[in-house]
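Remember, it's a predicted structure, so these values are computed and weren't measured experimentally. Residue numbering restarts at 1 for every chain, and letters A, B, ... go by the order of the sequence lines.
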2 protein chains.
Amino acid sequence: MTLKRSYHHGDLREQLLQRAELTLRESGVDRLSLRQLARDVGVTHNAPSRHFRDKQALLDALAQSGFERLGADFRATDVDGPFADRFRRLARTYLSFAVANPALLTLMFARKHSPTAGAEMAAAVQQAFTVPALLTAQAQERGEIVAGDPLRIGMSVAVSLQGLASFVSSGLVTPEAAEELLEETITHLTQGLFPRDT
Amino acid sequence: MTLKRSYHHGDLREQLLQRAELTLRESGVDRLSLRQLARDVGVTHNAPSRHFRDKQALLDALAQSGFERLGADFRATDVDGPFADRFRRLARTYLSFAVANPALLTLMFARKHSPTAGAEMAAAVQQAFTVPALLTAQAQERGEIVAGDPLRIGMSVAVSLQGLASFVSSGLVTPEAAEELLEETITHLTQGLFPRDT
DNA sequence: ACCTGAACACCGTTCAAGT
DNA sequence: ACCTGAACACCGTTCAAGT
């Protein structure tokens with residue numbers, strides 16, 4: 001009967017992460033306490049230290065899993081169609097993420113990643129923000145958008161996405177107003193602010 | 001001899017804010033403690049509560065003063081010249097702010113503004129992000145950029161600025177790489193990603 | 001009005017000890 | 001290996017009291 005969920009679970013790390021993300025979403029960072037987390041999961045206050053040397057290490061792990069999930073969401077979104085439509089879908093994915101996990105997004109962009117977590121964190125970031133570059137490269141192949149290094153153009157696409165997400169997740173722009181702002185951003189990013197002859 | 005800095009200073013609120021911003025900049029949010037702050041300024045741990053009912057109220061005040069300063073920096077930057085140059089200067093101002101005050105910028109976009117601080121905070125935000133709209137309106141008058149509601153176009157300019165600042169302040173992009181990213185962003189925002197006939 | 005000092009419940013981190 | 005329990009120094013918040 002190994003179903004009894006023995007005292008040494010073995011998946012404690014995962015349980016802690018899941019519970020932490022729940023608390024983060026529902027109560028914010030400052031209400032996130034290692035001791036409370038341990039209580040929630042049913043272990044002593046010091047048990048988490050086997051898996052996270054630090055509270056910071058837990059926050060790092062949360063941020064990293066955030067980038068991984070954002071990347072996965074991106075990849076699940078990236079389907080066919082004209083550039084503007086695909087940009088719009090990517091942006092909506094990002095905005096949904098931002099609305100659903102504002103505190104997590106803040107954490108992800110909070111320069112807290114202790115140098116320790118460097119390698120895996122960097123990989124997760126790279127993996128997520130590679131998607132806009134792929135989108136760019138594909139649109140270039142079709143002749144939809146201008147030539148140029150797809151990584152650089154992709155980053156400047158990512159800048160727009162992150163700017164939008166930033167305003168939404170902070171609450172400075174409501175999700176409804178974000179819809180308008182998104183269309184406005186698509187228009188200017190594709191057409192340019194300089195007048196066109198045509 | 002009123003110079004003796006009496007026990008009831010009268011400017012305690014301002015002293016606390018200044019010291020808090022210093023700590024924020026040098027040690028980050030989680031090292032910011034009300035009690036330590038009181039010690040730094042030379043009052044008892046409970047004295048700050050007269051000026052800030054809450055730790056959250058202090059953070060709100062910090063964020064608000066951040067928006068006010070950013071707005072002032074914007075206004076001090078906004079001089080003459082072609083649109084792209086002025087956009088570049090505005091962006092550099094923002095990026096300098098982001099590099100100098102990463103933790104503060106995180107705070108400003110962290111959806112923590114308790115509903116209490118609503119009115120003044122909203123005014124400070126509005127005042128800051130009005131500047132891109134002014135830039136837009138002036139460029140339109142000169143026929144430099146396309147027509148359209150300057151507030152909406154201004155917001156989508158602000159989106160680019162905030163996206164850039166976000167990447168820089170988080171450390172995901174180094175200040176040097178940011179310079180490149182800024183030029184890339186200016187190019188695409190003005191010319192558009194769609195190919196031009198000329 | 002503004003500040004003090006004591007009290008309360010909580011926190012992160014460390015360490016010796018158990019199985 | 002993984003978890004426990006006690007200990008340490010610190011925290012935010014509240015409240016009666018002082019001037």
#### Entry: Pairs flagged by side-chain hydrogen bond (donor to acceptor under 3.5 Å, both in side chains) wherever residues 126-138 of chain A is involved - sequence neighbours left out
Arg86(A)-Gln138(A)
#### Entry: side-chain hydrogen bond (donor to acceptor under 3.5 Å, both in side chains) pairs, two or more places apart, involving residues 139-150 of chain B
Asp80(B)-Arg142(B)
Using whole Å, what does the distance between atom [atom2] of nucleotide [N] and atom [atom1] of [X] come to?
| X | N | atom1 | atom2 | value |
| --- | --- | --- | --- | --- |
| Arg13(B) | dA1(C) | CZ | C1' | 16 Å |
| Leu12(B) | dC2(C) | CG | C1' | 9 Å |
| Asp30(B) | dG12(D) | CG | C1' | 15 Å |
| Leu32(B) | dG12(C) | CG | P | 17 Å |
| Phe52(B) | dC3(C) | CZ | P | 12 Å |

### Message
Need to verify one output field. Residue with the more 5' nearest nucleotide on DNA chain C, Ala47(B) or Ser33(A)?
### Response
Ala47(B)
### Task
Take Gln64(A) and Asp60(A), measure what side-chain hydrogen bond (donor to acceptor under 3.5 Å, both in side chains) needs, and give me the verdict at the end.
CA-CA 6 Å; Gln64(A) 180 181 325; Asp60(A) 287 349; over 6 Å; no
List the atom pairs, donor and acceptor, that lie under 3.5 Å between side-chain atoms in residues 172-179 of chain B and the rest of the protein, sequence neighbours left out.
unit_1    : atom_1 : unit_2    : atom_2 : d
Thr174(B) : OG1    : Ala177(B) : N      : 3.1
Glu179(B) : OE1    : Arg92(B)  : NH1    : 3.2
Glu179(B) : OE2    : Arg92(B)  : NH1    : 2.1

#### Entry: Contact list for residues 12-37 of chain B, test ring-ring contact (aromatic ring centres under 6.0 Å, His included), sequence neighbours left out
none
### Task
Sort and list the pairs that fulfil salt bridge (Lys or Arg N to Asp or Glu O under 4.0 Å) and have at least one residue in residues 62-75 of chain B, not counting sequence neighbours.
Glu21(B)-Arg69(B)
### Query
Which pairs pass salt bridge (Lys or Arg N to Asp or Glu O under 4.0 Å) with one or both residues in residues 183-193 of chain B, sequence neighbours excluded?
Arg152(A)-Glu184(B), Arg88(B)-Glu183(B)
### Task
Using a cut-off of strictly less than 4.0 Å, decide whether Arg39(A) has a side-chain nitrogen or oxygen near OP1 or OP2 of dC11(C).
yes
### Task
Please list, chain by chain and in numerical order, all residues satisfying salt bridge (Lys or Arg N to Asp or Glu O under 4.0 Å) with Arg39(A), sequence neighbours excluded.
none
Review item, nucleotides 13-17 of chain D N/O atoms under 3.5 Å of protein N/O:
unit_1  : atom_1 : unit_2   : atom_2 : d
dT13(D) : OP1    : Asp54(B) : OD1    : 2.9
dT13(D) : OP2    : Lys55(B) : N      : 3.1
dT13(D) : O4     : Arg35(B) : NH1    : 3.0
dC15(D) : N4     : Asn46(B) : ND2    : 2.4

### Base-paired stems in DNA chain C, each at least three Watson-Crick or G-U pairs under 3.5 Å
C:4-8 with D:12-16, C:12-16 with D:4-8
